[in-house]
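Every chain is numbered from 1, with letters handed out A, B, ... down the list of sequences.
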2 protein chains.
Amino acid sequence: MITVAVDAMGGDNAPSEIVKGAVNALNARQDVKVALVGLPEVINRELVEYTYDKGRLDVVPASEVIATEEPPVNAIRSKKDSSVVVALNLVKKKQADAFVSCGSTGAVLVGGQLIAGKVKGVKRPPLAPLLPTEKGVSLLVDCGANVDARPDHLVQFAKMGSIYMEHAMGVKNPRVAIVNIGAEEEKGNALVKETFPLLKECRDINFIGSIEAREIPHGQADVIVCEAFVGNVILKLYEGVGATLVNEIKKGMLSSFRGKMGALLVKPALKKVLKKFDASEHGGAPMLGLNGLVVKAHGSSKAKEVTNAIIQCIAFQEQDIPGKIRASLNPEVADSK
Amino acid sequence: MITVAVDAMGGDNAPSEIVKGAVNALNARQDVKVALVGLPEVINRELVEYTYDKGRLDVVPASEVIATEEPPVNAIRSKKDSSVVVALNLVKKKQADAFVSCGSTGAVLVGGQLIAGKVKGVKRPPLAPLLPTEKGVSLLVDCGANVDARPDHLVQFAKMGSIYMEHAMGVKNPRVAIVNIGAEEEKGNALVKETFPLLKECRDINFIGSIEAREIPHGQADVIVCEAFVGNVILKLYEGVGATLVNEIKKGMLSSFRGKMGALLVKPALKKVLKKFDASEHGGAPMLGLNGLVVKAHGSSKAKEVTNAIIQCIAFQEQDIPGKIRASLNPEVADSK
């Protein structure tokens, strides 16, 4: 049994879609408990709509809400009774195993580090969303708020990402690549050139070298390592180009009678492709290297994505990802046992 | 009349598509002369196929070819009789106004700086491709090989890009934005945070602030400023996501009888959208800030793209972009005149 604390107040569609998603997760899986954190009267007003196992759902009161535009460090420090802080304290006190939020990314990242705390040896916990590709999904690490990373950070990202893909996602011997502007080892900026030989030396990852951005959608690597500024550009451009292209195709089809007829016929096929390339289908982005699991789902998440994010926590918990990260980053401890 | 030196030996489809593209440019425009640079016997073997105004086409011999994988600085220094070096020397000696190549990006960038030379005051000549957007095109500057840029480089990129979009592309008062991971001024990595206030102070550009990668395909800015590593990621991911999505949509449609019927009907609409989002439709990427015009077209260019790249040189030449860049970066000289 896993207990997931869910931020009922965070995201564009809070609280209704969050509550619905949590109830759906309870109804889909018997091995999940949910703690809905937020304003009880608001949450309860939503809950009366649904049928679910009341023994596996708690409402945990939190009187404050952190808005997306608030400076995260301040918000975490001053709003002690916010849904994010209260939920993360449940993780810290081991009353919950995981925390899922669709709210402010900054607050979740800062709160995750300050409250849940880092696994011993972890320098920077990265945010690692799954990117849809032709072949399935790849883990993009880091897309967090910690820009200007050092080579040793990137090496840890590679190790943590590899553990996640292998144990939470079931990819055997995941291929790890570093984002670069050419395939040759001498290419790249200072950070990539310094990191490349360090990754080559890592015996516990399957490092396959550089990956150009063009190759990412083809699924050429399972773990894609970069610093957070570049990761953020990749994640957001992925969404932007995809959405624009699909919009333009729809507009193009609907601009003629012939196209409209065709559009009716291709609609199911088009929908299937869009679903495959929809990042939200793949649950939220885990923040790796924390004591406990913190998952950041998209701000625009609906019930389905919330449910997916909650269910995603099960494998993370069962496989003890934090324990495996601890062992990987602290080999001397593991050896001395 | 403008004279364009064309690298007949560079690119995946050299020499046949290059020669064809050059001939088509001559036949499309009466105000263009072309110097085809490369192995004369190879070029002439292609030329016999076509009808064109022989008075406006020269074949300039060059016995060597620079391959894509050669380290560029070495190649430019040692292969004095390569098509790239010979063509750039034509520009240097003012025997040609412009140079178009589909060959090694590195060699073109290094050769452009070393042989054609930088406009006075230019610290780093950037490579600035046009990205297709919903609303038209945006100039992405820099996508070159000079990574790890400084804030003063980015400020020059913004100024040069603004001049190019206004005078070569006819965009009035082009909107300039810097690539960032959030819209707020305090967001970003060290480079962006340092550059932001400098751009705000520039009175000769229309700086509109940060742009998130998600907004780029919507055409929210005319000039998109970033350092070359990030620029390269944006350019290549644009191509990669677009190509993958279109492929998947095609595959999806062709996987059922219903989809196949629909595909026949939507084909013209789909083609139109793809053409709009095809970067190669917009000619090559100019290298800004050089004495003379250097245009790098895609390595996979066919005749059509070569023709577009040659014709693109006319506006650049007519508008004296290098002169305008010189005046913008050396205000004291302009004032003292």
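Most heavy-atom pairs under 4.5 Å with chain B: of the set A:Leu264, A:Asn247, A:Leu254, A:Val233, this distinction falls to A:Val233. Put simply, of B:Glu248, B:His218, B:Lys267, the one with the most heavy-atom pairs under 4.5 Å next to chain A is B:Glu248. Ranked by heavy-atom pairs shorter than 4.5 Å toward chain B, the options A:Thr133, A:Val147, A:Asn189 are led by A:Asn189.
There is no contact between B:Pro71 and chain A, counting heavy-atom distances below 4.5 Å. Only the side chain of B:Leu270 comes within contact range of chain A, with heavy atoms under 4.5 Å apart. For B:Glu134, the parts lying under 4.5 angstrom from a heavy atom of chain A are both the backbone and the side chain.
Using a 4.5 Å cut-off on side-chain heavy atoms (C-beta onward), B:Leu237 and A:Arg214 make no contact. Contact check for A:Leu191 versus B:Phe229: no side-chain heavy atoms found under the 4.5 Å cut-off.
The two residues A:Gly252 and B:Ala269 come nearest to each other via the heavy atoms O-CB, 3.3 Å. Considering every non-hydrogen atom in both A:Gly240 and B:Pro217, the closest pair reads C-CG, 3.6 Å.
Without hydrogens or angle criteria, A:Asp148 side chain to B:Ala190 main chain gives a donor-acceptor distance under 3.5 Å. Judged by distance alone, the side chain of A:Arg258 and the main-chain N or O of B:Leu265 form a donor-acceptor pair under 3.5 Å.
We find the CE-NZ distance between A:Met253 and B:Lys272 to be 13.0 Å, quoted to the nearest 0.5 Å. Rounded to the nearest 0.5 Å, atoms CD1 (A:Ile249) and CG (B:Leu245) are 6.5 Å apart. A distance of 10.0 Å separates CD of A:Glu212 from CG of B:Leu235, quoted to the nearest 0.5 Å.
Exactly one residue among A:Thr244, A:Ile234, A:Val241 makes a side chain to side chain contact (heavy atoms under 4.5 Å, CB included) with B:Val241. That residue is A:Val241.
Within 6.0 Å of NZ on B:Lys200 lie no more than 12 heavy atoms contributed by other residues, nucleotides or ligands. In the displayed structure, B:Lys271 atom NZ is contacted under 6.0 Å by at most 12 heavy atoms of other residues, nucleotides or ligands. Counted within 6.0 Å of NZ on B:Lys79, heavy atoms from surrounding residues, nucleotides or ligands total more than 12; the atom is thus considered enclosed. In the displayed structure, A:Lys250 atom NZ is contacted under 6.0 Å by at most 12 heavy atoms of other residues, nucleotides or ligands.
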